[in-house]
There are 2 protein chains.
Amino acid sequence: MIEVLKQHIVKRLGNDIQNLDFVLSKFKLVEAKRNQQLLMQGETCKYVYFVAKGCLQVYVHDSEMSETTRDIVTEDNWCSELISFGSGQPAMENIRAVEPSQLLAIDRKGFQEMMESVPQFDKVYRQILEASYANSVYRINTFVSLSALDRIKWLMEFRPTLMTRISSKLIASYLGIHKDVFSRLKAKL
Amino acid sequence: MIEVLKQHIVKRLGNDIQNLDFVLSKFKLVEAKRNQQLLMQGETCKYVYFVAKGCLQVYVHDSEMSETTRDIVTEDNWCSELISFGSGQPAMENIRAVEPSQLLAIDRKGFQEMMESVPQFDKVYRQILEASYANSVYRINTFVSLSALDRIKWLMEFRPTLMTRISSKLIASYLGIHKDVFSRLKAKL
DNA sequence: CATCAACGATGATAAAAGTCTATGTTTTAC
DNA sequence: GTAAAACATAGACTTTTATCATCGTTGATG
């Protein structure tokens, strides 16, 4: 499993990194069961997860006690509640495994040590943060002005695998529409 | 004007900062006229702006060639297209002055020098990035599930001054609803 | 493998949001 | 100061989305 992470890092920072194995040793393997809660709103987010296999959902509870999903994270991507992880403040969001997942988790201490031991890794946090930010901005700019139908078309274009992999209920909460509407519109495509 | 920025920095990092005046000298005053374009999509974003006075709009052109506003930035806040500023890639967004504004602009070179001359400022970029990220995440999590009416209520609670200060058209594009709907619902409150 | 719960699709209906037109008002620009 | 342009509101109407109930299917669990 750690191999997946190794390749991810090499792909980003090149393969002339010293102490790479030392860095990798800071990650511990977490096997998450389907529907397992990894972070609850109000807790401090203790880990940054690298998703080696499986799928995670980042969500909040909205006013009607249903879920609004901000992100669905699949293989070869990072997942965390970065604001909480970085500051130690209570998390605003929840994270759960949608599928049985294999995660590589690093805690704050490990993160610090990683950054100290390999200067290049000083950029990793920033890279993750920037990527997350870009992702959020993109999501706001596209979704705010799109109709339900166009959101579905967007999903089919940019994240097509989710359509077959994930439940309609979850997709709907990610697209910000109701599951009935999703079902009906999807049939008309 | 520079005084506003000075106080902003002291408020955040404390007032025992060496070289503060050197740092401040890296910023140049920009007087922006009403509706002046500060960044166009496709250009590289060259500056981070501190808004000393006035109001900026960050927006994209959506499919119907109307505008979707991701953020409205008022006094004592930072404004930029950070992804482009940090990477040099073409900006995805536009920035314009909504009101005649007084801005303190720092370019990438100045930013670098600032970070080198005052170690504490190494955190400034991260702080700005984190704040921007938190802002985006918050916006997604609240807005995706809110009705038009609830979005207006949200605005009145959390950004009440915008209601009187900014045109209905702009507010509507910020809330992701149509100006007619905004006008009608507002009347019913 | 049998049972119960969750899921997905669909029809009927209600509510919300969008569109278009018109009209009076405020701003802007000359 | 005046003409033109942009803006705000309101009514009538259309389209989109939400809600609710039903039913067959799938899937998890003991």
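Labels below follow one simple rule: chain letters A, B, ... track the order of the sequence lines, proteins then strands, and each chain is numbered from 1. These values consider heavy atoms only, across backbone and side chains, with no hydrogens, waters or symmetry-generated copies.
- Side-chain atoms of B:R96 and B:Y59 form a donor-acceptor pair, as typed in the model, at a separation below 3.5 Å.
- Protein chain A contacts DNA chain C over a range whose 5' and 3' limits, counting nucleotides with an atom under 4.0 angstrom from a non-hydrogen atom, are C:dC7 to C:dA12.
- With axes fitted over five pairs at each extremity, the angle between the ends of the helix from C:dC1-D:dG30 to C:dC30-D:dG1 is 70° (10° resolution).
- Remark: B:D180, B:S183, B:R184, B:K186, B:A187 in residues 180-189 of chain B come within less than 4.0 Å of DNA chain D through at least one heavy atom.
- Its side chain within the 4.5 Å cluster rule, B:L39 clusters with B:V30, B:L38, B:Y47, B:Y49, B:V51, B:L56, B:V58, B:V73, B:I95, B:L103 among the Ile, Leu, Val, Met, Phe, Trp and Tyr residues.
- Using a 4.0 Å cut-off on heavy atoms, the residues of residues 139-176 of chain A that approach DNA chain D are A:S147, A:A148, listed by number.
- Not one N or O on the side chain of B:R108 forms a donor-acceptor pair closer than 3.5 Å with the backbone of B:K46.
- For the residue pair B:D62 / B:T68, a side-chain donor-acceptor distance below 3.5 Å is found, with atom types taken as modelled.
- Between A:M163 and A:I171, the closest heavy-atom pair is CA-CD1, 3.8 Å.
- The list of ring pair (Phe, Tyr, Trp, His ring centres under 6.0 Å) pairs with a residue in residues 160-189 of chain A, not counting sequence neighbours, is empty.
- Under 3.5 Å, the side chains of A:Q57 and A:E67 contain a donor-acceptor pair of N or O atoms.
- When rounded to the nearest whole Å, the span between CD1 of B:I177 and P of D:dT16 equals 19 Å.
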